[in-house]
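Quick notes on the structure that follows.
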Amino acid sequence: MRYRTLAVLTGLAIAAMGATAAYAQGGDITAAPSAAASMNAPTAAVASRIQVNQIGYLPAAAKRATVPAGTAQQFQLVDARTGQAVWTGKLGPAALWKPAQSKVRIADFTALTTPGTYRVRVAGLPDSDPFTIGVGAYDPLTAGAIRAFYFNRAGIALTPELAGPFARPAGHPDTRVLIHASAAGPKRKAGDVISSPKGWYDAGDYNKYIVNSGITVYTLLAAYEQMPDRLGALKVGLPESGNGLPDLLNEALWNLDWMLTMQDPDDGGVYHKLTNPSFDGVVMPDVATRSGDRVVVQKSTAAALDFAAVIAVGSRVFKDFEKQRPGLSARMLAAARAAWDWAQAHPDAIYRQPPDIHTGDYGDPTLDDEFAWAAAELYIATGDDAFYAAMKPARTTMTVPSWGDVRGLAWMSLATHRERLSPAADRALIERRIRDLADALVAKGKASAWGVALDEKDFNWGSNSNALNEAMVLLHADRLEAVRPGQASAYRQAAQALLDYVMGRNPIGMSMVTGFGTRSPMHPHHRPSEADRVEAPVPGFVVGGANAGQQDLKGCPVPYPSPLPALSFLDHFCSYASNEVAINWNAPLVYVSAALGGEGRR
Ligand code: G3I
Ligand code: 9MR
């Protein structure tokens with residue numbers, strides 16, 4: 001269905017939605033080249049295209065395009081409006097990228113800093129998509145990626161003023177939720193009713209999971225802690241906008257308020273998830289709500305520790321907003337401590353999916369990293385050295401964060417706050433942990449034909465978030481450069497390459513964020529996008545991305561275009577393994593887009 005209802009959007013919302021230059025200019029985004037069309041095109045056509053970051057580059061940033069290797073040695077930048085060549089450069093050497101088994105060359109035009117709209121031209125190939133060079137090029141993306149969380153809120157109607165064509169009735173109030181047998185205790189018995197409202201739907205499904213909420217809210221709060229000027233002022237267009245809190249924090253609070261209800265007040269334990277017994281049908285949230293009671297399931301150690309960690313971060317951040325949310329900071333610190341204490345008493349309550357529950361499990365049998373992360377955040381929040389020791393710094397390594405491996409979040413928080421830690425903290429170790437991983441990522445990127453730190457094993461479920469979380473680590477190393485000048489640009493360049501990859505400089509030739517870029521997913525595995533009768537998907541969501549596992553293959557009516565890891569992507573609703581959206585994937589998009597988009601305004 002076409003829609004031309006965008007006149008109802010406020011100017012603020014239009015500016016913030018970002019998807020949406022097209023909306024603002026007449027409201028027919030269906031006229032844009034569609035992702036569906038691109039996926040129907042033969043793979044060879046995609047393989048012969050020059051790939052760029054489809055939303056562009058900031059003037060001082062690293063700027064690269066990827067060119068299918070042929071005989072041409074040179075490339076040009078042409079003015080997208082006039083077609084006139086404005087810049088000529090030499091292509092890099094042809095090299096094979098194993099994840100897509102294709103040979104490419106890099107066109108590096110970092111030296112071109114003049115704002116404008118360009119295409120890359122190489123003899124014998126079609127011109128690239130147009131892209132801009134300009135300050136503020138990522139601002140709509142940052143706002144749009146935050147707005148995606150608003151679009152995924154449980155328990156609230158999305159209004160036409162704020163959500164335009166994506167307005168919808170409220171779903172899942174969750175004010176009547178049952179205690180599942182796996183979660184029963186001496187006080188709260190199986191079948192007892194609790195209220196656990198608000199929160200975000202996790203992904204394309206309608207359930208709410210504490211483990212995944214932990215890393216997600218952390219990443220948003222960390223973005224705010226580290227970029228308070230930029231993100232504190234960003235207007236996103238939310239129901240709470242103008243209430244004296246930054247919009248990013250308003251959005252984070254929607255989920256934090258829910259998380260606090262997931263703690264059992266009697267013992268400090270935290271339920272692993274709030275869920276239906278089975279995944280909902282492909283219907284809108286309000287329709288899905290009619291399908292019956294939801295339950296909270298088993299208290300787990302992972303949930304308690306992830307909760308303790310992120311709620312401790314919340315207690316730090318909301319200390320500055322006592323006026324807007326009186327008592328919240330102190331309440332959070334007490335809740336975080338109680339969850340930590342519960343985890344000490346129950347160190348191996350691994351989540352085990354009960355036989356009558358069939359939704360996502362976020363199961364994780366290895367908990368050293370969760371203990372380390374919670375300890376680190378409680379140390380920063382309280383200044384108590386016992387928490388630093390509990391983190392076991394000498395034994396805690398640094399890895400790229402993911403929902404199941406959160407040790408990196410501990411190191412990034414310590415690095416952020418290193419100037420005000422107690423003498424117990426080993427600052428040199430903190431910096432080394434970040435830098436060593438970032439150096440390895442820089443080297444991995446340099447060794448890659450695409451100049452991106454992604455190899456075959458990175459193409460698993462949610463691969464785009466691997467790229468974005470790697471970029472977040474690199475940007476942390478960049479932040480350390482006050483103490484080690486000279487390396488900043490290498491870290492930042494490597495982070496830029498990863499954002500480029502997600503925004504279109506990839507062998508699929510698509511921006512991986514709905515509504516952003518020339519070609520982007522039109523059929524994400526996102527129930528509202530599929531059920532809402534609006535042709536465009538809900539904007540601002542990064543999809544999971546190429547996934548060699550292809551776990552959804554059997555249920556898909558169309559084949560994947562290739563078995564190769566970096567090409568294992570299907571822009572079809574069936575493809576929950578490559579084309580779903582998820583809150584933990586969008587959060588690093590917010591972080592990376594804000595950090596790289598703030599260039600020149602640091
Ligand atoms: O841990 C193993 C690792 O040892 C092994 O080397 C590797 C090989 O592929 O697999 C690893 O396990 C993977 C696991 O994620 C940990 O990353 C599994 O193969 C993979 O199937 C699993 O995917 C998870 C998926 O749920 C299925 O459980 C995704 O990470 C996770 O993001 C996704 O989350 C779902 C929720 O359950 C429900 N809501 C939607 C959400 C997004 O799709
Ligand atoms: O929609 C579900 C998605 O959120 C999950 O990530 C995915 C894997 O757990 O499962 C999806 O649900 C599918 C189910 O597993 C199998 N039948 C088809 C469902 C999609 O409609």
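One-based numbering, in listed order, for ligands and for the atoms of each.
Within 4.0 Å of ligand 1, protein heavy atoms come from Asp202, Ala203, Asp205, Tyr209, Gly360, Tyr362, Trp403, Trp461, Gln551, Glu580, Trp585.
The shortest contact between atom 1 (O) of ligand 2 and any protein heavy atom is with His525 NE2, 2.6 Å. Looking from atom 13 (C) of ligand 2 to the surrounding protein, the closest heavy atom is Tyr576 CE2, 3.7 Å. In this structure, the protein non-hydrogen atom closest to atom 12 (O) of ligand 2 is Phe279 CD1, 3.5 Å. If you check which protein heavy atom lies closest to atom 6 (O) of ligand 2, you get Glu580 OE1, 2.7 Å.
In this structure, Asp405 pairs ionically with Arg407, as a charged nitrogen and a carboxylate oxygen lie closer than 4.0 Å. At a threshold of 4.0 Å, the pair Arg294-Asp174 counts as salt-bridged, since one of the basic side-chain nitrogens sits closer than that to a carboxylate oxygen.
Within the structure, ligand 2 lacks Tyr201 among the residues with a heavy atom less than 4.0 angstrom away.
Using a 30° and 60° split on the angle between ring planes, Phe459 and Trp97 fall in the perpendicular class, above 60°.
Taking the ring centre of Trp254 as origin, the terminal cationic atom of Lys198 falls inside the region bounded by 6.0 Å and 45° from the ring axis.
Side-chain atoms of Lys273 and Gln353 form a donor-acceptor pair, as typed in the model, at a separation below 3.5 Å.
The proximity of Trp461 to ligand 2, defined as any non-hydrogen pair under 4.0 Å, is limited to the side chain. Only side-chain heavy atoms of Arg527 come within less than 4.0 Å of ligand 2; its backbone N, CA, C and O stay farther off.
Aromatic ring centres of Phe573 and His526: separated by at least 6.0 Å. In summary, the aromatic rings of Tyr362 and Trp403 are positioned with their centroids under 6.0 Å apart. Ring centroid separation for the pair His272 and Tyr209 does not come in under the 6.0 Å cut-off. Aromatic ring centres of Trp585 and Phe541: separated by at least 6.0 Å.
Within 4.0 Å of atom 17 (N) of ligand 2, not a single protein heavy atom is present.
In terms of the side-chain hydrogen bond (donor to acceptor under 3.5 Å, both in side chains) criterion, residue partners of Thr416 (sequence neighbours excluded) are, by chain and number, Gln226.
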